[in-house]
Undergrad: 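Structure in structure tokens, see below.
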Amino acid sequence: MVETAAALRTVAHNVRAARTRAGLSLEELGRRAQVSKGALVALEKAQGNPNLATLVRLADTLGISVSALMQGSPEGRVVRVVAADAVAPLWTGERGSEARLMLTTSGPAPVEVWRWRLEPDEEYPSHPHQAGVVETVSVTSGRMTLIVDGTEHTLEAGQTATFDGDASHTYRGSGTEPCDLIMTVHLPPAP
């Protein structure tokens, strides 16, 4: 519970700072990100419980990565090791699926690294990201269906797909066993 409160305070600080840097009012950020002003006010006060879709919309609107919203001050280490059990899931499905944002690289065009587990027939529909975002999906075990712009693509263990993230897309577990995958989000350079 303490970790959750600390994470929420970090997100609140980072959203407020990014909004201020972008010169956006709460109303304007809410309009652009399709998030209510009340939810933004609560978030910036470290209250509430923003879901993954809200964080993605805010990050896209602010032109930063989801992990930039979640990271505290840099630790100054050259190597950063992150254990999956040290990172809380940002999305959990009703059947036990989950998505964990493991880390984001630094630099002018950051990359987010996600670890996903999709239970059979459970899916996560993602809204389109900003133009220039590219996603890759690498299945490490099981099978999934990747749906991009309404077209289904079956991916099995050992296969990787890439696509433009500004198209609507959905991840769905398929088969009889859970599907484990690594997903990367390649963000365009900041303007």
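Starting from 1, each residue takes its place in the sequence as its number.
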Undergrad: Got a sec: does the CD of Q34 have more than 12 other heavy atoms crowding it under 6.0 Å?
TA: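 Not more than 12 within 6.0 Å, no.
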Undergrad: Answer yes or no: is there a side-chain heavy-atom contact under 4.5 Å between R57 and T54?
TA: yes
Undergrad: With hydrophobic residues grouped by side-chain heavy-atom distances under 4.5 Å, do L62 and V111 end up in a single group?
TA: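 Per the 4.5 Å side-chain linkage, L62 and V111 are not co-clustered.
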Undergrad: Between V137 and M144, which heavy-atom pair has the shortest distance, and what is it?
TA: CG1-SD, 3.4 Å
Undergrad: Look at the aromatic rings of W116 and Y171 and report parallel, tilted or perpendicular, splitting at 30° and 60°.
TA: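 Perpendicular.
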Undergrad: So do P128 and V133 actually touch side chain to side chain, heavy atoms under 4.5 Å?
TA: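 A side-chain contact is absent here, since even the closest heavy-atom pair is not under 4.5 Å.
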Undergrad: Taking the side chain as C-beta and beyond, is there a heavy-atom pair between L52 and L101 under 4.5 Å?
TA: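 In short, these two side chains do not touch, never coming nearer than 4.5 Å.
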Undergrad: Looking at every non-hydrogen atom in both residues, tell me the closest pair between P188 and A131 and how far apart they are.
TA: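 The pair with the smallest heavy-atom distance is CG-O, 3.8 Å.
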Undergrad: Can you list the residues that meet the side chain to side chain donor-acceptor pair (under 3.5 Å) rule with S141, with sequence neighbours excluded?
TA: D180
Undergrad: To check you understand the geometry: which heavy-atom pair defines the closest contact between L24 and L29, and what is its length?
TA: CD1-CD1, 4.2 Å
Undergrad: Table please: side-chain donor-acceptor pairs of residues 88-96 below 3.5 Å, with sequence neighbours left out.
TA:
residue, atom, partner, partner atom, Å
R95, NH1, P120, O, 3.1
R95, NH1, D121, O, 3.3

Undergrad: ring-ring contact (aromatic ring centres under 6.0 Å, His included) with H186: which residues, sequence neighbours excluded?
TA: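 H186 satisfies ring-ring contact (aromatic ring centres under 6.0 Å, His included) with no residue once adjacent residues are dropped.
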Undergrad: Checking S168 now: which residues fulfil side chain to side chain donor-acceptor pair (under 3.5 Å) with it, not counting sequence neighbours?
TA: none
Undergrad: Would you sort out whether V35 and L43 count as a side chain to side chain contact (heavy atoms under 4.5 Å, CB included), showing the intermediate values?
TA: CA-CA 11 Å; V35 175; L43 178 59; over 6 Å; no
Undergrad: Could you list who else is in V82's hydrophobic cluster, with ILVMFWY side chains joined at under 4.5 Å, directly or through other members?
TA: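 V87, M102, L103, V113, I182, which link up through side-chain heavy atoms under 4.5 Å apart, make up the rest of the cluster.
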Undergrad: For V139 versus L181, what's the shortest heavy-atom pair and its separation?
TA: CA-CB, 4.0 Å
Undergrad: Does any part of the side chain of S65, heavy atoms only, come nearer than 4.5 Å to the side chain of V185, both counted from C-beta?
TA: no
Undergrad: Under 3.5 Å, side-chain donor or acceptor atoms of residues 146-166 against the rest of the protein: list the pairs with distances, not counting sequence neighbours.
TA:
residue, atom, partner, partner atom, Å
Q159, OE1, E156, N, 2.8
T160, OG1, S138, OG, 2.8
T162, OG1, E135, O, 3.1

Undergrad: List the residues meeting side-chain contact (heavy atoms from CB on, under 4.5 Å) with E123, not counting sequence neighbours, and say none if there are none.
TA: T170, R172
Undergrad: With a 4.5 Å limit on heavy-atom distance, are the side chains of E119 and S97 in contact?
TA: yes
Undergrad: Can you list every pair that meets salt bridge (charged side-chain N to carboxylate O under 4.0 Å, His left out) and has a residue in residues 42-51, with sequence neighbours left out?
TA: R19-E44
Undergrad: Using the salt bridge (charged side-chain N to carboxylate O under 4.0 Å, His left out) criterion, which residues pair with E98? Sequence neighbours excluded.
TA: R100
Undergrad: Of all the heavy-atom pairs spanning L26 and L40, show the shortest one and how long it is.
TA: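 Shortest heavy-atom contact: O-CD1, 3.4 Å.
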Undergrad: Verify the neighbour count for atom CZ of R115: are there more than 12 heavy atoms of other residues, nucleotides or ligands below 6.0 Å?
TA: no
Undergrad: Output all residues satisfying side chain to side chain donor-acceptor pair (under 3.5 Å) with E28, sequence neighbours left out; order by chain, then residue number.
TA: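 Only R31, R32 meet the side chain to side chain donor-acceptor pair (under 3.5 Å) criterion with E28.
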